[in-house]
Amino acid sequence: MGNKPVKDDTMDLLVSLCKRKGFVFQSSEIYGGVNSCWDMGPLGVELKRNIRDFWWKTMTQARDDIEGVDAAILMHPQVWVTSGHVEGFTDPLVDCKQCKSRFRADQLDTKVCPNCGGELTEARQFNLMFKTFMGPVEDSAAVVYLRPETAQGIYVNFLNVLAPSRQKIPFGIAQVGKAFRNEISPGNFIFRSREFEQMEMQYFVHPSEDQKWFEYWKEQRYNWYLALGINKDKLRFHEHGPGELAHYAKAAYDIEYEFPFGWKELEGIHNRTDFDLSRHKEATGVDLSFFNDETKERFVPYIIETSAGLDRTMLTCLADAYRSEIVRDEKRVVLGFSPKIAPIKVAVFPLVKKDGMPEIARKIYRDLQRHFKCFYDEKSAVGRRYRRMDEIGTPFCVTVDSQTLEDQTVTIRERDSMEQYRVAAEQLAQVLKEKMGPAF
Ligand code: ATP
């Protein structure tokens, strides 16, 4: 097609596109904003939900060995003592003595302030958990935490899920939900915020099979990003060295994506051993072991964890899909989302606002709405309407024109190839479904 890519400052352009088109807004913007929290707009909420659904269906609907839960954000405060978070969920904090900027010491390449070159204080350990009080009295006995990860809600429900689901080891529990971390230096748009959503799956295995399942989940999770439409060249594994491993982990890999601001973690795959269940068993006296009826063996399962950030995945989808190109001497901006996650799947237009075209187009629009998230637009020249849809990542546009009035066919225009072809209006939903492929 000869479309030429244009080099741009992708992050700035993305942030501005997200605001302008209604993907992401800064929280409490009219009050000056909260710099580490974000609100999803009409398109953002659809995109995020589509990614979440894609994850959820891959994990639960497409398999029979994973069950879902949705645990409360507020948990018994003792959970976070047992898990090690009260003691050890800290980051090293340093301040610049000159300009007063704050940094995470482990994220700095230099020993002096990257802002002004000033001298830095000694690092202090800073706990990342948000605290609040349960009930009317604000004393230390009433302290509860906003969960910093969703995983603990899974561990404490291990037995609750095991019994009714009649699962046997190996099996998994999946959960998607909000997590909160009082990050020292949030930033890079929705990459690191203080309130975010995680998509976590904990897979319970026999201790002798941990390595096998670790390898299995590494591969599954990498392939999931490919199925999401992410460019393979921008994905890689990073293996944690001994100094990087979390206190609970025997082995860990991150899946990383090459963002415009560098290679960064998207998801962690961890072999957590029997650390979590053993600790909770010890703290509560509840026997969190598994009894195998056939072998008569009782054991505390090992856990292989896959822990992904939903907001980070959304940013990955946006950054990966974004392109700006010159087509016939005109710039076009495209979000080339996979149809699976595109916030709007189909736009319907009458070519012109006369000759009964809007009425036919509206009827088609209403019919398609039962199958897909659609958008109707009759304002401005059709070329501009196509461009507006390209910019928000709509994979298909359907146009009703004068030929429709004669033979009941409509034009489908594809976002990526810009190819156009005619199909019978009555076959439209079926044709579009086939073009979009399976939902997950
Ligand atoms: P980092 O080193 O970047 O702080 P982490 O190793 O502490 O991350 P995990 O505790 O393994 O992260 O969390 C699992 C996933 O949750 C991460 O891979 C990421 O996608 C997501 N996540 C963690 N912290 C944040 C955050 N502050 N904002 C958005 N997503 C986050």
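Just so it is clear, the structure is predicted and the values come from calculations on it, not from any experiment. For ligands, and for the atoms within them, numbers begin at 1 and follow the listed sequence.
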Under the 6.0 Å and 45° cation-pi test, does K218 pair with Y253?
yes
For ligand 1, which is the ligand I care about here, please tell me if F196 has any N or O atom under 3.5 Å from one of the ligand's N or O atoms.
no
Give the contacting part of Q107 toward ligand 1: side chain, backbone, both or neither, where contact means a heavy-atom distance below 4.0 Å.
neither
List the closest protein heavy-atom neighbour of atom 14 (C) of ligand 1: residue, atom name, distance to the nearest 0.1 Å.
S307 OG, 2.9 Å
Side chain, backbone, both or neither: which part of E267 comes within less than 4.0 Å of ligand 1 when only heavy atoms are counted?
backbone
Would one find an N or O of H270, backbone or side chain, under 3.5 Å from an N or O of ligand 1?
no
What atoms of ligand 1 come within less than 4.0 Å of a heavy atom belonging to E183?
24 (N), 26 (C), 27 (N)
Taking atom types as modelled, find out whether N127 and T90 have a side-chain donor-acceptor pair closer than 3.5 angstrom.
no
Below 4.0 Å from ligand 1: does a non-hydrogen atom of E149 turn up there or not?
no
shortest atom 6 (O) of ligand 1-to-protein heavy-atom contact is with E265 OE1, 3.2 Å
What residue and heavy atom of the protein are closest to atom 21 (C) of ligand 1, and at what distance?
G309 CA, 3.7 Å
Counting only heavy atoms not in E282 (residues, nucleotides, ligands), do more than 12 fall under 6.0 Å from its CD?
no
Would you please say whether a donor-acceptor pair under 3.5 Å links the side chains of T58 and W224?
yes
Would you check whether R104 reaches within less than 4.0 Å of ligand 1, judged by its heavy atoms?
yes
Which heavy atom of the protein is the closest neighbour of atom 4 (O) of ligand 1, given with residue, atom name and distance?
R192 NH1, 2.8 Å
Which protein heavy atom lies closest to atom 16 (O) of ligand 1, and at what distance to 0.1 Å?
Q198 NE2, 3.2 Å
So for ligand 1, is S193 a polar contact partner (N or O within less than 3.5 Å, distance only)?
yes
Ligand 1 versus K264, non-hydrogen atoms closer than 4.0 Å: side chain, backbone, both, neither?
neither
Report, as yes or no, whether the 6.0 Å neighbourhood of atom CZ on R166 holds more than 12 heavy atoms from other residues, nucleotides or ligands.
no
Tell me if the aromatic rings of F290 and H206 count as close, with their centers under 6.0 Å from one another.
no
Of all protein heavy atoms, the one nearest atom 19 (C) of ligand 1 is R312 NH1, 3.4 Å
Any donor-acceptor N or O pair under 3.5 Å, side chains Q152, H280:
yes
One pair to check against side chain to side chain donor-acceptor pair (under 3.5 Å): Y302 and E209. What are the steps and the verdict?
CA-CA 9 Å; Y302 269 36; E209 294 195 322; over 6 Å; no
Using a 6.0 Å distance limit plus a 45 degree cone around the ring axis, check whether R194 lies over the aromatic ring of F180.
no
Hydrogens and angles aside, do S380 and R388 bring a side-chain donor and acceptor to less than 3.5 Å of each other?
yes
Answer yes if the side chains of E305 and Q202 hold a donor-acceptor pair under 3.5 Å, and no otherwise.
yes
Report, in ascending order of atom number, the atoms of ligand 1 lying under 4.0 Å from any heavy atom of F191.
28 (N), 29 (C), 30 (N)
Tell me the contacting part of L266 for ligand 1: side chain, backbone, both, or neither, using a 4.0 Å heavy-atom threshold, strictly below.
backbone
Atom 23 (C) of ligand 1 has as its nearest protein heavy atom R181 NH1, 3.5 Å
